[in-house]
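We number each residue from 1, following the sequence as shown. These numbers come from a predicted model, not from an experiment.
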Amino acid sequence: MRPLWKNARMERNARNGRECWLLVGGRRRLGRALAEDLARDHDLVLTSSEPWEGESWVGDLSKTGWSRTLQWDAENPNLVSRMMADLDTLEGEGRVISGAVILAGTFPEQPLGSWTRGTLEATWRMNLSFPFLCAQALGPRLVEGACLQLLLDTSIHNPWLKRLPYSAAKAGLAALVPGLAQLLAPKVRVVGHALGAVLPDAGSDPSFLADRTLLKRIGEPADLFRAVRFAADSSFLTGEILTQDGGRRWL
């Protein structure tokens, strides 16, 4: 059942009862998993920094609804104009974006002593500057009543000591959430998600990560799916960061 609060404009712009959402970083890992979950009842626009050739799973999304893939590369000096042109094209086709989730990022290990200007700039460009630019482009384009959501990290509460540049970037995004919520209100809401270990990198020790939580287990992609849908459906929620880390920050 569609939530009762959703306004008439969002209803009119949903095609065949399916709202159109845009996922920044909808190609790998959590982004792909979220796309496959949302495709059950949403039309989707997915972005990636790389070309989409060979991603056969994307074709499966068309079995349930409409989808479009775009290339938004953080390293592209013409990124902003590319984003604007793509959004203009979507609007020209009558596609109205009713929700957006910014998931793109990297997770580099950069211990103290290894930092250089180049490596710091690369980490912050992908994990801070790029999400800022995407939020700036998307926020004003979202339909009234929409929710713009950003994927953060539990490191905003307790930084990863071997990944301090990454943690600092996520702390910057944490500041963006309440600030952007004020700038885009009352038309658009903004919500952040501070996730703990959900899809550990290859080589990580899941038992070690689980032991560093109160619940003694790691999370699942479905934890994010539920939170994203909750935020989208909660019309009185904005400027907040929802933390799901199994209680890691309290240890």
Side-chain angles (χ1 to χ4, degrees), residues 1-28 30-49 52 55 57-72 79-104 130-131 133-151 180-181 184-193 221 224-235 237-238:
M1 178 180 296
R2 186 169 298 277
L4 297 178
W5 66 267
K6 293 205 171 179
N7 62 42
R9 187 175 179 188
M10 290 184 76
E11 293 284 357
R12 288 195 304 270
N13 288 314
R15 299 191 177 193
N16 300 318
R18 298 168 61 90
E19 295 175 6
C20 184
W21 281 26
L22 190 148
L23 306 187
V24 178
R27 177 191 180 115
R28 295 279 185 257
L30 269 179
R32 172 176 172 175
L34 180 60
E36 291 175 330
D37 179 79
L38 290 174
R40 294 182 289 118
D41 50 8
H42 291 75
D43 290 339
L44 295 174
V45 179
L46 309 177
T47 85
S48 171
S49 62
W52 285 87
E55 297 293 330
W57 66 271
V58 176
D60 294 335
L61 302 183
S62 301
K63 296 177 182 178
T64 55
W66 177 89
S67 65
R68 170 78 54 84
T69 57
L70 305 173
Q71 186 175 355
W72 288 3
L79 170 65
V80 172
S81 58
R82 175 64 182 267
M83 290 191 295
M84 293 304 182
D86 287 338
L87 293 172
D88 285 342
T89 297
L90 290 169
E91 287 186 3
E93 296 173 352
R95 297 285 174 181
V96 178
I97 308 301
S98 299
V101 186
I102 300 175
L103 306 104
F130 181 57
L133 292 174
C134 291
Q136 176 180 251
L138 287 168
R141 302 286 192 122
L142 296 177
V143 69
E144 183 177 353
C147 185
L148 173 61
Q149 305 187 51
L150 296 98
L151 184 63
L180 201 57
L184 296 179
K187 179 184 174 185
V188 172
R189 297 177 296 108
V190 183
V191 175
H193 298 274
L224 176 64
F225 306 163
R226 287 188 291 268
V228 165
R229 289 177 179 272
F230 168 78
D233 290 342
S234 300
S235 63
L237 175 67
T238 194

Nearest atoms (heavy-atom pairs only) where [X] meets [Y]:
X    : Y    : value
S62  : S67  : OG-OG, 3.7 Å
P221 : A33  : CB-CB, 4.3 Å
G26  : W52  : O-CH2, 3.7 Å
A100 : L142 : CB-CD2, 4.2 Å
R95  : D43  : NH1-OD2, 3.5 Å
C134 : I102 : CB-CD1, 3.9 Å

Any side-chain heavy atom of [X] within less than 4.5 Å of one from [Y]?
X    : Y    : value
M83  : R141 : no
L38  : R229 : yes
L87  : L138 : yes
H193 : V101 : no
T238 : V188 : no
D86  : V45  : no

Could you tell me whether Q71 atom CD has more than 12 heavy atoms of other residues or ligands within 6.0 Å of it? yes

Scan I97, V143, V96 and name whichever one has a side chain to side chain contact (heavy atoms under 4.5 Å, CB included) with C20. I97

Do any N or O atoms from the side chain of [X] and from the backbone of [Y] form a donor-acceptor pair under 3.5 angstrom?
X    : Y    : result
R189 : A231 : yes
T64  : A39  : yes
K187 : G139 : no
W72  : L79  : no

Run the salt-bridge test on D37 and R226 with the 4.0 Å N-O cut-off and return the result as yes or no. no

Not counting sequence neighbours, which residues clear side-chain contact (heavy atoms from CB on, under 4.5 Å) with A35? List them please. L23, L44, L46, W57

Roughly how far apart are R32 CZ and S48 OG, rounded to 0.5 Å? 12.5 Å

Using the six-membered ring of W66, assess whether NZ or CZ of R18 lies under 6.0 Å from its centre and within 45 degrees of the ring axis. no

